[in-house]
Amino acid sequence: MRGRRDKLALASNMNLSLALGGGGSKGNAHLGVIRRLQQEGYDIQAVAGTSFGGIVAVFFALGYTPDQIEDLFASLDQKRLYGHGADEEPSLLGLAGATQWLKRVLGELTFADLKIPCALTAADLRCGCEVLLTQGPLTDAILATIAIPGIFPARRMGDLELVDGGTLDPVPVAPARSLAPHLPVLAVVLTTPMGVPAQTWTLPIPEYVPHALVERLSRLTYAQAFNVFLRSFDMVYRAATEYRLAVDKPEIVLRPNVHHIGILERVDVRQIARIGDQTVELALPEIKKHFTWQARFRRTLRL
């Protein structure tokens, strides 16, 4: 009888909050992580997201299942995401295609329509501080949290000039904890570990641009200088990730093996999602150990 009570107590304590890190195309791994956690009986009661993690967070908080989100992302034409809109801020790449898609799918939905607590992060260029987005139109919040500085246009919201939340907080552990202070935070980290050579980004090139022209442009001095900048930014981003994890101390950290995938690379969504499934599979002993210990600790307090 006591064994049965212990199992019921453990099941009732398998609640957690998610912190979904940024990583562009790598972020499809979040879908597999969420799916496998749910299959194992874990109940995600709150979610915070940065950049691509913010996109996943919104759809999940709206009530979409991981399979439904995967189908939605897989059906998206990745060639049509970019292009400059008439009213966008200056940037190397526009988000006209992504904006149209978000408006078509999300319409006028706001944070008030979400089923569970959710927060996205952004960085305000005017105050130099992190901003938590927890109200207002969901499309605006997503376009702010994914606005990689210089690459995508900054998003103006009232007096705020917002760029990618990963600029200051690549994995939003503290926001996730603020949404559900009584729950452990599971952080999904997509950045490459420190000590690995700096990576550059391959920017999407429109198909109508001849390959020979792209090769010639890549040999120009300004293109090589930009490459150095991107590699340096990669190191800064990775360092910021590790510093924030050390300070915010999530209870559980998962690191899907997506380091070979480019931030803006066109990918097979389902293949990347499976990496997330595999990551949870490998980490299950540690995850279960944490929740078993937590349940025992709570029982001890009640004795």
Side-chain angles (χ1 to χ4, degrees), residues 16-39 42-76 78 81 95 98 101-102 105-106 109 111 113-122 132-134 137-148 152 164-166 169-173 175-176 179-180 185-191 241 250 252-256 258 261 263-265 267-280:
L16 53 83
S17 180
L18 279 185
L20 303 180
S25 300
K26 305 176 185 184
N28 291 290
H30 290 316
L31 305 177
V33 168
I34 295 172
R35 176 167 49 221
R36 189 56 193 275
L37 287 172
Q38 290 185 318
Q39 289 172 349
Y42 295 98
D43 188 1
I44 300 164
Q45 296 198 342
V47 58
T50 291
S51 201
F52 198 98
I55 304 176
V56 175
V58 162
F59 280 98
F60 180 72
L62 277 170
Y64 285 74
T65 68
D67 287 343
Q68 289 172 329
I69 304 173
E70 184 177 306
D71 289 342
L72 193 64
F73 289 2
S75 66
L76 179 62
Q78 297 175 40
L81 291 175
L95 284 172
W101 180 78
L102 287 168
V105 176
L106 297 177
L109 293 175
F111 279 89
D113 296 299
L114 301 179
K115 311 298 183 185
I116 62 173
C118 175
L120 306 191
T121 67
L132 282 188
L133 303 174
T134 57
L138 294 174
T139 294
D140 286 347
I142 288 176
L143 290 173
T145 196
I146 67 173
I148 302 173
F152 296 139
D164 194 312
D169 195 357
V171 188
V173 174
L179 295 174
V185 175
L186 186 150
V188 185
V189 182
L190 303 177
T191 51
T241 299
I252 305 166
V253 177
L254 298 183
R255 295 179 183 265
V258 291
I261 300 167
I263 296 288
L264 302 178
E265 184 177 336
V267 297
D268 182 332
V269 171
R270 300 189 193 282
Q271 183 180 22
I272 307 307
R274 284 196 294 272
I275 295 176
D277 283 278
Q278 296 162 3
T279 301
V280 176

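Worth saying up front: this structure is predicted, and the values here are computed from it rather than measured.
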Evaluate side chain to side chain contact (heavy atoms under 4.5 Å, CB included) for Val58 paired with Leu109, printing each intermediate quantity in order.
-> CA-CA 10 Å; Val58 162; Leu109 293 175; over 6 Å; no

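- Partners of Arg255 according to the side-chain hydrogen bond (donor to acceptor under 3.5 Å, both in side chains) rule, which considers only residues two or more places apart in sequence or in another chain, are Glu242.
- Taking 4.5 Å as the limit, some side-chain heavy atom of Val269 sits within range of a side-chain heavy atom of Gln78.
- Not one N or O on the side chain of Thr145 forms a donor-acceptor pair closer than 3.5 Å with the backbone of Ile142.
- For Phe52 and Phe73, the ring centers are positioned less than 6.0 Å apart.
- Ala19 and Val185 get closest at one heavy-atom pair: CB-CG1, 4.0 Å.
- Between Leu95 and Leu81 there is no side-chain heavy-atom pair separated by less than 4.5 Å.
- By the 4.5 Å heavy-atom criterion applied to side chains, Ile44 and Leu16 are counted as neighbours.
- The two residues Ala180 and Ser17 make their nearest non-hydrogen contact at CB-CB, 4.5 Å.
- Residues satisfying the side-chain hydrogen bond (donor to acceptor under 3.5 Å, both in side chains) test with Asp113, not counting sequence neighbours, are none.
- Taken to the nearest 0.5 Å, the CZ atom of Phe60 stands 11.5 Å off from the CG atom of Leu114.
- Here Gln45 contributes atom CD and Leu179 contributes atom CG; the two are 11.5 Å apart, rounded to the nearest 0.5 Å.
- Heavy-atom minimum distance, Thr134 versus Cys118: CG2-O, 4.1 Å.
- A pairwise comparison of heavy atoms in Val47 and Ala57 identifies CG2-CB, 3.7 Å as the closest pair.
- With respect to Asp71 and Arg270, a salt bridge is recorded, a charged nitrogen being found less than 4.0 Å from a carboxylate O.
- Between the CD1 atom of Ile116 and the CG atom of Leu62 there is a distance of 9.5 Å, given to the nearest 0.5 Å.
- In this structure the side chain of Val56 reaches within 4.5 angstrom of the side chain of Ile34, judged on heavy atoms.
- Two residues are said to be in side-chain contact when any heavy atoms from C-beta on lie closer than 4.5 Å; Pro250 and Val171 fail this criterion.
- Residues that satisfy the side-chain hydrogen bond (donor to acceptor under 3.5 Å, both in side chains) test with Ser51, not counting sequence neighbours, are Asp164.
- Taking CD1 of Ile69 as the start and CG of Leu31 as the end, the distance is 5.5 Å to the nearest 0.5 Å.
- The two residues Glu265 and Ser25 come nearest to each other via the heavy atoms O-OG, 2.5 Å.
- Between atom CG of residue Leu264 and atom CZ of residue Phe152 there is a gap of 5.0 Å, rounded to the nearest 0.5 Å.
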Output, in order, the C-alpha distance, side-chain angles, deciding distance and verdict of side chain to side chain contact (heavy atoms under 4.5 Å, CB included) for Thr121 and Leu132.
-> CA-CA 5 Å; Thr121 67; Leu132 282 188; 3.7 Å; yes

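- Side-chain contact check for Leu190 versus His30: some heavy-atom pair is nearer than 4.5 Å.
- How far CD1 of Ile275 is from CG of Asn28: 9.5 Å, rounded to the nearest 0.5 Å.
- Contact between Ile263 and Gly23 at its shortest, heavy atoms only, is CD1-O, 3.7 Å.
- Aromatic ring pairs are classed by plane angle as parallel below 30°, tilted from 30° to 60° and perpendicular above 60°; the pair Tyr64 and Phe59 is perpendicular.
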